[in-house]
Amino acid sequence: MKIEANREVCVSAGMCALSAPEVFDQDDDGIVELLVVEVPAEHADSATRAAAVCPSGALRHVELPKGD
Ligand code: SF4
C-alpha cells in the first residue's frame, strides 16, 4: 500500500508519527514526513490507523493492499 501525505494541510499534531513511527516522522516544524515510499505489509495496519487519527485529513491511501 501507499500513503500520500499532504504537507500543506498537516497541522503538526504528530498523531501519525506516534501511531506508526516506522512510516511517519515530523520535520523541525512538526510537519509530517514520509519515511517510506511504499508501506511494508507489516506496517500497513499502523499506517492505516495513523491516517484514521490524523485530525487534518492530510494522510490518504493511494493504494490498498492486494487481497483486502
Ligand atoms: S497526524 Fe496528520 S496533522 Fe498530525 S502530523 Fe501527522 S499528518 Fe500532520
Side-chain angles (χ1 to χ4, degrees):
M1 77 187 270
K2 289 183 180 174
I3 290 247
E4 214 170 60
N6 185 342
R7 290 170 49 87
E8 299 294 316
V9 302
C10 172
V11 295
S12 309
M15 299 303 292
C16 54
L18 281 175
S19 301
E22 305 86 358
V23 178
F24 306 102
D25 198 1
Q26 292 173 276
D27 68 12
D28 290 344
D29 295 322
I31 302 297
V32 65
E33 287 184 326
L34 285 175
L35 297 176
V36 294
V37 174
E38 183 122 1
V39 179
E42 65 265 34
H43 299 316
D45 284 350
S46 57
T48 300
R49 271 196 301 277
V53 297
C54 172
S56 70
L59 305 178
R60 173 173 95 83
H61 294 110
V62 292
E63 187 184 322
L64 291 172
K66 287 189 175 67
D68 227 23

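Atoms within each ligand, like the ligands themselves, are counted from 1 in listed order.
- Closest approach of Ala20 to Ala50, counting heavy atoms only: CB-CB, 4.3 Å.
- Atoms of ligand 1 lying under 4.0 Å from at least one heavy atom of Ala13, given by number and element, are 3 (S), 4 (Fe), 5 (S).
- Ligand 1 has no atom lying under 4.0 Å from any heavy atom of Ala5.
- Nearest to atom 5 (S) of ligand 1 among the protein's heavy atoms is Gly14 N, 3.2 Å.
- If you number the atoms of ligand 1 from 1 as listed, the ones under 4.0 Å from a heavy atom of Cys16 come out as 1 (S), 5 (S), 6 (Fe), 7 (S).
- Taking all atoms of both residues into account, the shortest heavy-atom contact from Ile3 to Ala47 is CD1-O, 3.9 Å.
- For Leu59, every heavy-atom contact with ligand 1 shorter than 4.0 Å involves the side chain, none the backbone.
- Met1 approaches Glu38 most closely through the heavy-atom pair O-CG, 3.6 Å.
- The environment of Glu42 atom CD is dense: over 12 non-hydrogen atoms of other residues, nucleotides or ligands sit within 6.0 angstrom.
- Here Arg7 pairs with Asp27, Ile31, Val32, Glu33 under the side chain to side chain contact (heavy atoms under 4.5 Å, CB included) rule; sequence neighbours left out.
- In terms of heavy-atom proximity, Ala58 sits nearest to Cys54 at N-SG, 3.5 Å.
- Atom numbering of ligand 1 starts at 1 in the shown order; those under 4.0 Å from a heavy atom of Val11 are 3 (S), 8 (Fe).
- Of all protein heavy atoms, the one closest to atom 8 (Fe) of ligand 1 is Cys10 SG, 2.2 Å.
- Listed by number with element, the atoms of ligand 1 under 4.0 angstrom from any heavy atom of Cys54 are 1 (S), 2 (Fe), 3 (S), 7 (S).
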